[in-house]
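First the proteins, then the strands, lettered A, B, ... as listed; each starts at 1. Keep in mind it's a predicted model, so treat the numbers as computed, not measured.
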2 protein chains.
Amino acid sequence: MVEAQHMHEGSEARRTGSGETLLYLTDEQLRQGAEAMFFAYRGFTADPDRILAGLSYGRAHHRALHFIHAAPGTTVNNLLNILGVTKQSLNRVLRTLIEDGLVESRVGRVDKRERHLFLTDAGGTLERELSDAQRARMRSAYKQAGPEAVAGFRRVLEAMMDPEMQRQYRRLMEGRG
Amino acid sequence: MVEAQHMHEGSEARRTGSGETLLYLTDEQLRQGAEAMFFAYRGFTADPDRILAGLSYGRAHHRALHFIHAAPGTTVNNLLNILGVTKQSLNRVLRTLIEDGLVESRVGRVDKRERHLFLTDAGGTLERELSDAQRARMRSAYKQAGPEAVAGFRRVLEAMMDPEMQRQYRRLMEGRG
DNA sequence: TTGGAATGTCAACAAGGCTGACTTAAACTG
DNA sequence: CAGTTTAAGTCAGCCTTGTTGACATTCCAA
């Protein structure tokens, strides 16, 4: 049920005869949403970035560590698709992580062309440090906003993804509850 | 009121005797939120990026155009704070925009050290083209998710910002409805 | 056995961040 | 008025992280 007290200030909804909900979204409301995304993403990355600045790593290293943690044993190609970068770009990051002993690359058993990626103990430790920093902010934001807001947050974000990314995202959600 | 059907799958809320709502947020739920942010931000920037790729501009030019549009007459220093980059970095972008006749820089009347920035007609046209592309996706996401979700989306994003960015954001919201 | 797929590597380049040093002009302040 | 601070711009150099293109290797599968 769409009720006034649940609606964003300024947005309007109306039920048609057929029961379909129409939304009147002004350009201004959408603009504000875009700005919110911009500022929030800055906050989202700020804490891990601060940690990484000390080490000689960047945000790209964090992303690699994150998704290797999320899907241990993933192949390079799979990681490429998730991250949406070229293999040359990923390779540069991956190479330093392997050299520094944070990531282990194992030749595939069934297909020996493939490399399966795992975090070493040291890699797991850094990954945890980075995500702890990121999660602290998210936890605080979730608590401030409340569970209804969080559900809406997730719904809008999912609807904003490219269809291919949405598939990747849902695949990652499976098998993790 | 917190009711089960409004809650995100897997999140739990409980009312204490004092009426305070407690949230039990697992690391896993927060991780999923982080991944949603990552994938959604990619989608968020994808459409304007495609347009900019043709021209010799990048995302940084888009951001400058966006905020000059949002706050016409803003000074360079103010824009610096909003974008969170160094003046050297902004200057490189701003210089090309001014040279190409998309942005006009006027010497301040009251303080002649300041430069006030405005979009030219051409600048306004490009800005509109870029935000139209971005807004189309946001409009679609907002419609899919519904007004309650949008309100929650905005609440979580705002709570995720650095306090200083939150101030900038709210200041921008004022005087625009 | 040959074609194609997966991976890795080299080179070159561009965008867009950063720091540091310095100039100019204007404004403020003692 | 002299000295300091502020706003803006510039130059030089560096780093990360993205890109393309070319090419080698390895291995699977038809």
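Among residues two or more places apart in sequence or in another chain, the side-chain hydrogen bond (donor to acceptor under 3.5 Å, both in side chains) test is passed with A/Q168 by A/E164. Under the side-chain hydrogen bond (donor to acceptor under 3.5 Å, both in side chains) criterion, A/R171 pairs with no residue at all, not counting sequence neighbours. Taking the side-chain hydrogen bond (donor to acceptor under 3.5 Å, both in side chains) definition, one finds that A/R63 meets it with nothing, sequence neighbours left out.
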Output side-chain donor-acceptor pairs under 3.5 Å for residues 54-62 of chain A, partner residues at least two apart or in another chain, one line each.
from  : atom 1 : to     : atom 2 : distance (Å)
A/Y57 : OH     : A/D100 : OD2    : 2.3
A/R59 : NE     : A/D49  : OD1    : 3.4
A/R59 : NE     : A/D49  : OD2    : 3.2
A/R59 : NH2    : A/T45  : OG1    : 3.4
A/R59 : NH2    : A/D49  : OD2    : 2.6
A/H61 : ND1    : A/G58  : N      : 2.9
A/H61 : NE2    : A/T96  : OG1    : 3.3

Acceptor/donor pairs from residues 71-78 of chain A side chains to any protein atom, 3.5 angstrom cut, sequence neighbours excluded:
from  : atom 1 : to    : atom 2 : distance (Å)
A/T74 : OG1    : A/N78 : ND2    : 2.7
A/T75 : OG1    : A/N78 : N      : 3.2

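Interface limits on DNA chain C: the 5'-most and 3'-most nucleotides within less than 4.0 Å of chain A heavy atoms are C/dG4 to C/dC10.
A side-chain hydrogen bond (donor to acceptor under 3.5 Å, both in side chains) check over residues 85-94 of chain B, counting only residues at least two apart or in different chains, returns nothing. For residues 38-47 of chain B, the salt bridge (charged side-chain N to carboxylate O under 4.0 Å, His left out) pairs, not counting sequence neighbours, are B/D47-B/R50, B/D47-B/R137.
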What nitrogen or oxygen pairs link the protein and nucleotides 14-17 of chain D at under 3.5 Å?
from   : atom 1 : to    : atom 2 : distance (Å)
D/dT17 : OP1    : A/R59 : N      : 2.7
D/dT17 : OP1    : A/A60 : N      : 3.1
D/dT17 : OP2    : A/H61 : ND1    : 3.2

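Remark on DNA chain D: of its neighbouring residues A/T86 and B/I98, the 5'-side contact belongs to B/I98, judged by nearest-heavy-atom nucleotide.
Side chain A/Q88 to base D/dG21: a donor-acceptor pair is found below 3.5 Å.
Note that CG of A/L94 is 7.5 Å distant from OG of A/S105, once rounded to the nearest 0.5 Å.
Contact check of residues 68-80 of chain A against DNA chain C (heavy atom, cut-off under 4.0 Å) returns A/T75, A/V76, A/N77. Looking at residues 103-117 of chain A, you'll see A/R113, A/E114, A/R115 sit with a heavy atom under 4.0 Å from some atom of DNA chain C.
Base pairing in DNA chain C gives the following stems of 3 or more Watson-Crick or G-U pairs, range against range and under 3.5 Å: C:1-30 with D:1-30.
Taking the six-membered ring wherever Trp is involved, the centroid distance between the rings of A/F67 and B/F38 falls below 6.0 Å.
For the 3.5 Å distance criterion, the side chains of B/R155 and A/Q144 fail to qualify, holding no donor opposite an acceptor.
Under the 4.5 Å side-chain heavy-atom criterion for ILVMFWY residues, no single connected hydrophobic cluster contains both B/L172 and B/F118.
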